[in-house]
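Everything below concerns the one structure shown next.
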Amino acid sequence: QVHLVESGGGLVQAGDSLRLSCAASGRSFSTYAMAWFRQAPGKERDIVAAISQYGALTYYADSVKGRFTFSRDNAKNTAYLQMNSLKPVDTAVYYCAATPTTSSHTYYTTGESYNTWGQGTQVTVSS
């Protein structure tokens, strides 16, 4: 099982960009489907983006489509969430999640599907 550590969060202004990283330790990183979720204060945790084992398939929530890009570098055991044109509504704690899959063309969009989570990184976007 992998261990996940997020980084890259911070305080930015609307319109700015941030790149979150999710570094994984452990073996067989490339066999894991991954996702980013976020949770704003007082709200439920929501899916942001998901990616299959080798990045062939990606999913984006409608709210971030066209602004965020989810990628992964299996050689570095790291996944990235490039966030552009940030808005105040993007303010949340962002969590990286992973789960092993047997298919290279699979991702999941529900939190229950993931068995490994990072500790989260705060993203705050001011207006």
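Here, residue 1 is the first one in the sequence, and each next residue gets the next number.
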- request: Quick one: closest heavy-atom pair of Gln53 and Ser104, and the distance?
  value: OE1-CA, 3.3 Å
Those residues that, when tested against Tyr59, pass side-chain contact (heavy atoms from CB on, under 4.5 Å) (two or more places apart): Ile47, Ala50, Tyr107, Thr109
field: From Asn77 atom CG to Arg72 atom CZ, the distance as rounded to the nearest 0.5 Å
entry: 9.0 Å
query: Which pairs count as disulfide bond (SG atoms under 2.5 Å apart) when at least one residue sits in residues 45-76, sequence neighbours excluded?
result: none
query: For residues 77-127, which residue pairs qualify under disulfide bond (SG atoms under 2.5 Å apart), counting only residues two or more places apart or in two chains?
result: Cys22-Cys96
query: Looking only at heavy atoms, which two atoms of Ser52 and Ala56 are closest? And how far apart?
result: OG-N, 3.3 Å
message: Using 0.5 Å steps for rounding, measure from the CG atom of Asn115 to the OG1 atom of Thr99.
response: 4.0 Å
Which residues share a salt bridge (charged side-chain N to carboxylate O under 4.0 Å, His left out) with Arg67, sequence neighbours left out: Asp90
message: Under the rule for side-chain contact (heavy atoms from CB on, under 4.5 Å), what residues qualify as partners of Gln82, not counting sequence neighbours?
response: Ser17, Arg19, Thr69, Asn84
- line: Contacts of Lys65 meeting salt bridge (charged side-chain N to carboxylate O under 4.0 Å, His left out) (sequence neighbours excluded), chain-then-number -> Asp62
- request: Tell me who clusters with Trp36, hydrophobic residues only, linked when side chains sit under 4.5 Å apart either directly or through other members.
  value: Val2, Leu4, Val12, Leu18, Leu20, Phe29, Tyr32, Met34, Val48, Ile51, Tyr60, Val64, Phe68, Phe70, Leu81, Met83, Leu86, Tyr94, Val123, Val125
- prompt: Taking only residues two or more places apart in sequence, or in another chain, which ones meet Ser63 in a side-chain contact (heavy atoms from CB on, under 4.5 Å)?
  reply: Arg38, Ala61
All pairs passing salt bridge (Lys or Arg N to Asp or Glu O under 4.0 Å) where residues 74-87 contributes a residue, at least two apart: none
message: Could you report the tightest heavy-atom contact between Thr101 and Ala33, atom names first, then the distance?
response: CG2-CB, 3.6 Å
message: I'd like to know if the side chain of Gln13 and the backbone of Ser126 have a donor-acceptor N/O pair within less than 3.5 Å.
response: no
- prompt: By ring pair (Phe, Tyr, Trp, His ring centres under 6.0 Å), which residues pair with Phe37, not counting sequence neighbours?
  reply: Tyr114, Trp117
message: Val5: which residues meet the side-chain contact (heavy atoms from CB on, under 4.5 Å) condition with it, sequence neighbours left out?
response: His3, Gln119
message: According to side chain to side chain donor-acceptor pair (under 3.5 Å), who are the partners of Ser103, at least two apart in sequence or on a separate chain?
response: Thr106
- line: Nearest heavy-atom approach of Ala14 to Pro88 is CB-CD, 4.1 Å
